[in-house]
2 protein chains.
Amino acid sequence: MASKLKLDAIGLKILDLLQQDAEQQLAQIAEAVGLSSTPCWRRIQRLKESGVIRRQVALVDAQALNVGVTVFVSVRTATHTQEWFERFRATVQAIPEVVEFYRMSGDVDYLLRVVVPDIAAYDAVYKRLIAGTQLFDVSSSFAMEELKFTTALPLGYVR
Amino acid sequence: MASKLKLDAIGLKILDLLQQDAEQQLAQIAEAVGLSSTPCWRRIQRLKESGVIRRQVALVDAQALNVGVTVFVSVRTATHTQEWFERFRATVQAIPEVVEFYRMSGDVDYLLRVVVPDIAAYDAVYKRLIAGTQLFDVSSSFAMEELKFTTALPLGYVR
DNA sequence: GTTGAAAAACGCGGAGT
DNA sequence: ACTCCGCGTTTTTCAAC
(Lines give C-alpha, C1' and ligand atoms only; values in the text may rest on other atoms or scores of the structure.)
Protein backbone atom coordinates (compact mmCIF):
# COMPACT_ATOMS: atom_id res chain seq x y z
CA MET A 1 0.00 0.00 0.00
CA ALA A 2 2.94 2.34 -0.37
CA SER A 3 1.51 4.66 -2.98
CA LYS A 4 2.87 7.72 -4.65
CA LEU A 5 -0.08 9.98 -4.15
CA LYS A 6 1.04 13.55 -4.62
CA LEU A 7 0.50 15.59 -1.49
CA ASP A 8 -0.23 19.28 -2.00
CA ALA A 9 -0.54 21.95 0.68
CA ILE A 10 -4.21 21.18 1.30
CA GLY A 11 -3.57 17.45 1.54
CA LEU A 12 -0.83 18.09 4.08
CA LYS A 13 -3.06 20.33 6.12
CA ILE A 14 -5.76 17.68 6.18
CA LEU A 15 -3.24 15.08 7.33
CA ASP A 16 -1.98 17.42 10.00
CA LEU A 17 -5.43 18.03 11.37
CA LEU A 18 -6.37 14.36 11.31
CA GLN A 19 -3.22 13.13 12.96
CA GLN A 20 -3.79 15.63 15.77
CA ASP A 21 -7.46 14.81 16.18
CA ALA A 22 -9.51 12.49 14.02
CA GLU A 23 -12.75 13.21 15.84
CA GLN A 24 -13.53 16.53 14.26
CA GLN A 25 -16.29 16.63 11.75
CA LEU A 26 -15.76 16.74 8.07
CA ALA A 27 -17.30 20.21 7.98
CA GLN A 28 -14.73 21.59 10.42
CA ILE A 29 -11.84 20.19 8.45
CA ALA A 30 -13.31 21.46 5.22
CA GLU A 31 -13.61 24.93 6.64
CA ALA A 32 -10.11 24.86 8.12
CA VAL A 33 -8.55 24.00 4.77
CA GLY A 34 -10.82 26.34 2.82
CA LEU A 35 -12.86 23.77 0.93
CA SER A 36 -16.47 22.71 0.86
CA SER A 37 -17.29 19.36 2.30
CA THR A 38 -17.52 17.24 -0.84
CA PRO A 39 -14.00 17.74 -2.23
CA CYS A 40 -12.61 17.56 1.28
CA TRP A 41 -14.41 14.28 1.82
CA ARG A 42 -13.07 12.93 -1.46
CA ARG A 43 -9.53 13.93 -0.55
CA ILE A 44 -9.78 12.13 2.76
CA GLN A 45 -11.17 9.08 0.97
CA ARG A 46 -8.24 9.07 -1.41
CA LEU A 47 -5.79 9.45 1.47
CA LYS A 48 -7.31 6.38 3.10
CA GLU A 49 -7.51 4.30 -0.07
CA SER A 50 -3.94 5.07 -1.03
CA GLY A 51 -2.77 4.06 2.42
CA VAL A 52 -1.37 7.43 3.39
CA ILE A 53 -3.83 7.34 6.28
CA ARG A 54 -3.27 3.84 7.56
CA ARG A 55 -5.92 3.67 10.22
CA GLN A 56 -7.79 5.61 12.82
CA VAL A 57 -7.45 4.58 16.44
CA ALA A 58 -8.33 5.61 19.96
CA LEU A 59 -5.34 6.31 22.20
CA VAL A 60 -6.01 4.89 25.63
CA ASP A 61 -4.48 6.13 28.87
CA ALA A 62 -1.72 3.77 30.00
CA GLN A 63 -2.35 4.47 33.70
CA ALA A 64 -6.00 3.52 33.33
CA LEU A 65 -4.97 0.16 31.90
CA ASN A 66 -2.37 -0.30 34.64
CA VAL A 67 0.57 -0.37 32.24
CA GLY A 68 2.32 2.79 33.35
CA VAL A 69 5.85 1.37 33.23
CA THR A 70 7.79 1.44 29.96
CA VAL A 71 10.84 -0.76 29.51
CA PHE A 72 13.27 -0.67 26.60
CA VAL A 73 14.82 -4.04 25.91
CA SER A 74 18.02 -4.38 23.90
CA VAL A 75 18.61 -7.81 22.43
CA ARG A 76 21.83 -9.25 21.08
CA THR A 77 21.98 -12.64 19.42
CA ALA A 78 24.67 -15.03 18.30
CA THR A 79 22.34 -16.97 16.03
CA HIS A 80 21.69 -15.11 12.79
CA THR A 81 19.83 -17.65 10.69
CA GLN A 82 16.60 -16.88 8.88
CA GLU A 83 14.87 -19.63 10.76
CA TRP A 84 15.88 -18.22 14.12
CA PHE A 85 14.74 -14.75 13.10
CA GLU A 86 11.31 -15.92 12.00
CA ARG A 87 10.79 -17.71 15.23
CA PHE A 88 11.96 -14.78 17.30
CA ARG A 89 9.76 -12.41 15.34
CA ALA A 90 6.69 -14.59 15.81
CA THR A 91 7.38 -14.85 19.53
CA VAL A 92 7.72 -11.12 19.97
CA GLN A 93 4.76 -10.23 17.76
CA ALA A 94 2.54 -12.42 19.88
CA ILE A 95 3.41 -10.64 23.13
CA PRO A 96 0.88 -7.81 23.61
CA GLU A 97 3.11 -6.03 26.12
CA VAL A 98 5.58 -5.38 23.30
CA VAL A 99 4.28 -2.29 21.56
CA GLU A 100 7.34 -1.53 19.42
CA PHE A 101 9.93 -3.81 17.92
CA TYR A 102 12.83 -2.81 15.67
CA ARG A 103 15.75 -4.49 14.00
CA MET A 104 18.72 -2.27 14.66
CA SER A 105 22.09 -1.50 13.16
CA GLY A 106 25.13 -1.31 15.42
CA ASP A 107 25.95 -3.31 18.50
CA VAL A 108 22.35 -4.05 19.49
CA ASP A 109 20.45 -6.36 17.15
CA TYR A 110 16.88 -5.67 18.26
CA LEU A 111 15.17 -3.06 20.37
CA LEU A 112 11.77 -3.54 22.02
CA ARG A 113 9.50 -1.18 23.89
CA VAL A 114 7.47 -3.05 26.48
CA VAL A 115 4.65 -1.71 28.66
CA VAL A 116 3.84 -3.36 32.00
CA PRO A 117 2.39 -2.46 35.41
CA ASP A 118 5.60 -3.04 37.37
CA ILE A 119 8.95 -4.76 37.45
CA ALA A 120 7.49 -8.09 38.49
CA ALA A 121 5.26 -8.11 35.42
CA TYR A 122 8.25 -7.20 33.30
CA ASP A 123 10.05 -10.25 34.58
CA ALA A 124 7.23 -12.44 33.32
CA VAL A 125 7.52 -10.87 29.87
CA TYR A 126 11.28 -11.33 29.99
CA LYS A 127 10.85 -15.02 30.71
CA ARG A 128 8.39 -15.35 27.88
CA LEU A 129 10.90 -13.69 25.58
CA ILE A 130 13.78 -16.00 26.39
CA ALA A 131 11.52 -19.03 26.43
CA GLY A 132 10.38 -18.37 22.86
CA THR A 133 13.76 -18.80 21.20
CA GLN A 134 17.28 -19.86 22.01
CA LEU A 135 19.65 -17.93 24.24
CA PHE A 136 20.74 -14.34 23.65
CA ASP A 137 21.84 -11.28 25.58
CA VAL A 138 19.08 -9.09 26.95
CA SER A 139 19.53 -5.71 28.58
CA SER A 140 16.61 -3.77 30.07
CA SER A 141 16.31 -0.03 30.69
CA PHE A 142 13.39 1.43 32.58
CA ALA A 143 11.74 4.71 31.68
CA MET A 144 11.16 6.91 34.72
CA GLU A 145 9.04 9.50 32.96
CA GLU A 146 7.39 9.89 29.58
CA LEU A 147 8.21 13.42 28.50
CA LYS A 148 6.76 13.24 25.01
CA PHE A 149 4.79 10.72 23.05
CA THR A 150 3.07 11.55 19.81
CA THR A 151 1.78 9.63 16.83
CA ALA A 152 1.89 12.81 14.74
CA LEU A 153 4.70 12.60 12.21
CA PRO A 154 6.51 15.72 10.96
CA LEU A 155 5.18 17.00 7.63
CA GLY A 156 8.18 19.04 6.59
CA TYR A 157 9.91 16.39 4.49
CA VAL A 158 7.22 15.65 1.93
CA ARG A 159 8.67 15.74 -1.54
CA MET B 1 -7.69 13.46 33.93
CA ALA B 2 -6.41 10.35 35.70
CA SER B 3 -9.71 8.98 36.89
CA LYS B 4 -10.67 5.81 38.70
CA LEU B 5 -13.47 4.71 36.44
CA LYS B 6 -14.13 1.05 37.05
CA LEU B 7 -13.64 -0.98 33.90
CA ASP B 8 -15.80 -4.06 33.53
CA ALA B 9 -15.62 -6.68 30.82
CA ILE B 10 -17.81 -4.69 28.45
CA GLY B 11 -15.82 -1.51 29.00
CA LEU B 12 -12.63 -3.39 28.24
CA LYS B 13 -14.07 -4.87 25.10
CA ILE B 14 -15.12 -1.44 23.90
CA LEU B 15 -11.63 -0.10 24.55
CA ASP B 16 -10.11 -3.01 22.72
CA LEU B 17 -12.25 -2.45 19.67
CA LEU B 18 -11.64 1.28 19.62
CA GLN B 19 -7.91 1.06 20.04
CA GLN B 20 -7.78 -1.35 17.10
CA ASP B 21 -10.06 0.74 14.91
CA ALA B 22 -11.89 3.88 15.89
CA GLU B 23 -13.68 4.22 12.57
CA GLN B 24 -16.33 1.61 13.09
CA GLN B 25 -19.85 2.70 13.66
CA LEU B 26 -21.41 2.87 17.04
CA ALA B 27 -23.91 0.21 15.99
CA GLN B 28 -21.14 -2.26 15.15
CA ILE B 29 -19.46 -1.78 18.50
CA ALA B 30 -22.75 -2.05 20.31
CA GLU B 31 -23.52 -5.32 18.57
CA ALA B 32 -20.03 -6.69 19.20
CA VAL B 33 -20.29 -6.10 22.94
CA GLY B 34 -23.92 -7.18 23.13
CA LEU B 35 -25.49 -3.84 23.93
CA SER B 36 -27.93 -1.57 22.18
CA SER B 37 -26.58 1.68 20.88
CA THR B 38 -27.71 4.05 23.63
CA PRO B 39 -25.95 2.42 26.57
CA CYS B 40 -22.94 1.71 24.42
CA TRP B 41 -22.80 5.36 23.39
CA ARG B 42 -23.04 6.45 27.02
CA ARG B 43 -20.20 4.15 27.99
CA ILE B 44 -17.98 5.55 25.27
CA GLN B 45 -18.86 9.07 26.37
CA ARG B 46 -17.88 8.24 29.93
CA LEU B 47 -14.62 6.70 28.76
CA LYS B 48 -13.79 9.90 26.92
CA GLU B 49 -14.85 12.26 29.68
CA SER B 50 -12.92 10.34 32.30
CA GLY B 51 -9.81 10.46 30.15
CA VAL B 52 -9.47 6.71 29.70
CA ILE B 53 -9.78 7.38 25.98
CA ARG B 54 -7.34 10.26 25.59
CA ARG B 55 -7.91 11.09 21.97
CA GLN B 56 -8.67 9.71 18.59
CA VAL B 57 -6.11 10.13 15.84
CA ALA B 58 -5.27 9.12 12.30
CA LEU B 59 -2.07 7.11 11.92
CA VAL B 60 -0.23 8.28 8.84
CA ASP B 61 2.18 6.21 6.77
CA ALA B 62 5.77 7.22 7.54
CA GLN B 63 6.98 6.41 4.02
CA ALA B 64 4.35 8.67 2.49
CA LEU B 65 5.64 11.54 4.62
CA ASN B 66 9.21 10.69 3.73
CA VAL B 67 10.23 9.92 7.30
CA GLY B 68 10.95 6.24 6.96
CA VAL B 69 14.11 6.26 9.07
CA THR B 70 13.85 5.83 12.83
CA VAL B 71 16.76 6.75 15.07
CA PHE B 72 17.05 6.09 18.79
CA VAL B 73 19.12 8.67 20.55
CA SER B 74 20.63 8.03 23.98
CA VAL B 75 21.60 11.12 25.90
CA ARG B 76 23.89 11.40 28.91
CA THR B 77 24.39 14.64 30.73
CA ALA B 78 26.77 15.94 33.36
CA THR B 79 24.52 18.86 34.29
CA HIS B 80 21.62 17.76 36.45
CA THR B 81 20.04 21.04 37.53
CA GLN B 82 16.33 21.74 37.27
CA GLU B 83 17.04 24.71 35.08
CA TRP B 84 19.06 22.66 32.61
CA PHE B 85 16.35 20.01 32.50
CA GLU B 86 13.59 22.50 31.76
CA ARG B 87 15.58 23.98 28.95
CA PHE B 88 16.45 20.59 27.51
CA ARG B 89 12.86 19.47 27.73
CA ALA B 90 11.58 22.57 25.97
CA THR B 91 14.17 22.13 23.23
CA VAL B 92 13.25 18.53 22.62
CA GLN B 93 9.50 19.07 22.81
CA ALA B 94 9.75 21.67 20.10
CA ILE B 95 11.43 19.34 17.62
CA PRO B 96 8.70 17.64 15.57
CA GLU B 97 11.05 14.88 14.43
CA VAL B 98 11.21 13.67 18.04
CA VAL B 99 8.14 11.52 18.46
CA GLU B 100 9.05 9.90 21.79
CA PHE B 101 11.11 11.20 24.68
CA TYR B 102 11.74 9.44 28.00
CA ARG B 103 13.73 10.08 31.14
CA MET B 104 15.51 6.84 31.92
CA SER B 105 17.02 5.04 34.84
CA GLY B 106 20.45 3.49 34.52
CA ASP B 107 23.43 4.66 32.56
CA VAL B 108 21.49 6.57 29.92
CA ASP B 109 19.68 9.70 31.17
CA TYR B 110 17.28 10.27 28.27
CA LEU B 111 16.10 8.27 25.30
CA LEU B 112 14.56 9.80 22.18
CA ARG B 113 12.92 8.28 19.15
CA VAL B 114 13.45 10.45 16.09
CA VAL B 115 11.95 10.04 12.62
CA VAL B 116 13.69 11.50 9.56
CA PRO B 117 14.07 10.82 5.82
CA ASP B 118 17.76 9.93 5.92
CA ILE B 119 21.01 10.25 7.80
CA ALA B 120 21.68 13.75 6.54
CA ALA B 121 18.38 14.94 7.96
CA TYR B 122 19.18 13.23 11.22
CA ASP B 123 22.39 15.21 11.42
CA ALA B 124 20.39 18.42 11.25
CA VAL B 125 18.20 17.25 14.14
CA TYR B 126 21.30 16.25 16.06
CA LYS B 127 22.74 19.73 15.63
CA ARG B 128 19.49 21.27 16.77
CA LEU B 129 19.56 19.06 19.84
CA ILE B 130 23.05 19.98 20.93
CA ALA B 131 22.50 23.65 20.05
CA GLY B 132 19.51 23.87 22.37
CA THR B 133 21.38 23.17 25.59
CA GLN B 134 24.88 22.74 26.89
CA LEU B 135 27.14 19.83 26.03
CA PHE B 136 26.32 16.19 26.71
CA ASP B 137 27.02 12.73 25.32
CA VAL B 138 24.84 11.61 22.47
CA SER B 139 24.75 8.14 20.98
CA SER B 140 22.58 7.29 17.96
CA SER B 141 21.29 3.89 16.86
CA PHE B 142 19.50 3.43 13.57
CA ALA B 143 16.53 1.14 13.09
CA MET B 144 16.86 -1.00 9.97
CA GLU B 145 13.35 -2.38 10.06
CA GLU B 146 10.18 -1.76 11.99
CA LEU B 147 8.91 -5.21 12.94
CA LYS B 148 6.04 -4.10 15.15
CA PHE B 149 4.41 -0.82 16.04
CA THR B 150 1.09 -0.58 17.79
CA THR B 151 -0.74 2.00 19.83
CA ALA B 152 -2.95 -0.72 21.27
CA LEU B 153 -2.06 -1.31 24.90
CA PRO B 154 -2.51 -4.72 26.57
CA LEU B 155 -5.74 -5.02 28.53
CA GLY B 156 -4.77 -7.91 30.76
CA TYR B 157 -3.56 -5.87 33.72
CA VAL B 158 -6.68 -3.90 34.55
CA ARG B 159 -7.43 -4.19 38.24
C1' DG C 1 -29.13 -0.01 33.33
C1' DT C 2 -31.81 -1.03 29.24
C1' DT C 3 -34.95 -0.34 25.22
C1' DG C 4 -37.09 1.70 21.08
C1' DA C 5 -38.04 5.41 18.54
C1' DA C 6 -38.02 10.38 17.36
C1' DA C 7 -35.08 14.48 16.28
C1' DA C 8 -30.95 16.34 14.71
C1' DA C 9 -26.71 16.14 12.45
C1' DC C 10 -23.79 14.33 9.24
C1' DG C 11 -21.84 11.66 5.41
C1' DC C 12 -22.23 10.86 0.76
C1' DG C 13 -23.46 11.37 -4.11
C1' DG C 14 -25.35 13.71 -8.15
C1' DA C 15 -25.95 17.57 -11.26
C1' DG C 16 -24.34 21.80 -12.54
C1' DT C 17 -20.74 25.75 -12.97
C1' DA D 1 -11.82 20.46 -9.60
C1' DC D 2 -15.12 22.83 -6.59
C1' DT D 3 -20.00 24.44 -5.02
C1' DC D 4 -24.67 23.61 -4.05
C1' DC D 5 -28.25 20.89 -2.56
C1' DG D 6 -30.87 16.88 -1.01
C1' DC D 7 -31.35 11.97 0.13
C1' DG D 8 -30.21 8.23 3.23
C1' DT D 9 -27.81 6.86 7.51
C1' DT D 10 -26.03 7.50 11.77
C1' DT D 11 -25.61 9.79 15.92
C1' DT D 12 -27.77 11.66 19.85
C1' DT D 13 -31.52 12.66 22.78
C1' DC D 14 -35.69 11.49 25.27
C1' DA D 15 -39.42 9.07 27.48
C1' DA D 16 -40.61 4.82 29.49
C1' DC D 17 -39.50 -0.01 31.29
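All chains are named by letter (A, B, ...) in the order of the sequence lines, taking the proteins before the strands, and each is independently numbered beginning at 1.
In this structure, CG in B:Asp137 is found 11.5 Å from CD1 in B:Ile130, a value given to the nearest 0.5 Å. Put simply, OG1 on A:Thr77 and CZ on A:Phe88 are 8.0 Å apart, with the number rounded to the nearest 0.5 Å. In this structure, CG in A:Asn66 is found 11.5 Å from CG in B:Leu155, a value given to the nearest 0.5 Å.
Proximity of residues 36-45 of chain B to DNA chain C (heavy atom under 4.0 angstrom from any strand atom) is restricted to B:Ser36, B:Thr38, B:Pro39, B:Arg42. Within residues 23-31 of chain A, no residue has any heavy atom closer than 4.0 Å to DNA chain D.
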Seminar exercise, completed: Pairing string of DNA chain C (Watson-Crick or G-U wobble, both atom distances under 3.5 Å; | = paired to other strand) is ||||||.||||||||||

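Pairs of residues two or more places apart, or lying in two chains, that qualify as side-chain hydrogen bond (donor to acceptor under 3.5 Å, both in side chains) and include a residue from residues 27-43 of chain A are A:Asp8-A:Arg43. The side-chain hydrogen bond (donor to acceptor under 3.5 Å, both in side chains) analysis of residues 91-103 of chain B, with sequence neighbours excluded, yields the pairs A:Arg113-B:Glu100, A:Arg113-B:Tyr102, A:Glu145-B:Arg103, A:Tyr157-B:Glu97, B:Glu100-B:Tyr102, B:Glu100-B:Arg113.
Between the side chain of A:Gln19 and the backbone N or O of A:Leu153, at least one donor-acceptor pair lies under 3.5 Å.
For B:Ser140, the side chain to side chain donor-acceptor pair (under 3.5 Å) criterion is met by B:Tyr122, not counting sequence neighbours.
Under a cut-off of 6.0 angstrom, the local environment of CD1 in B:Ile119 is sparse, with at most 12 non-hydrogen atoms contributed by other residues, nucleotides or ligands.
Linking ILVMFWY residues whenever their side-chain heavy atoms come closer than 4.5 Å, directly or via other members, places A:Leu35 and A:Leu17 in the same cluster.
Atom-to-atom, CD of B:Glu49 to C1' of D:dT12 comes out at 13 Å; the value is rounded to the nearest Å.
In this structure, B:Phe101 and B:Tyr110 have tilted ring planes: the angle between them lies in the 30° to 60° band.
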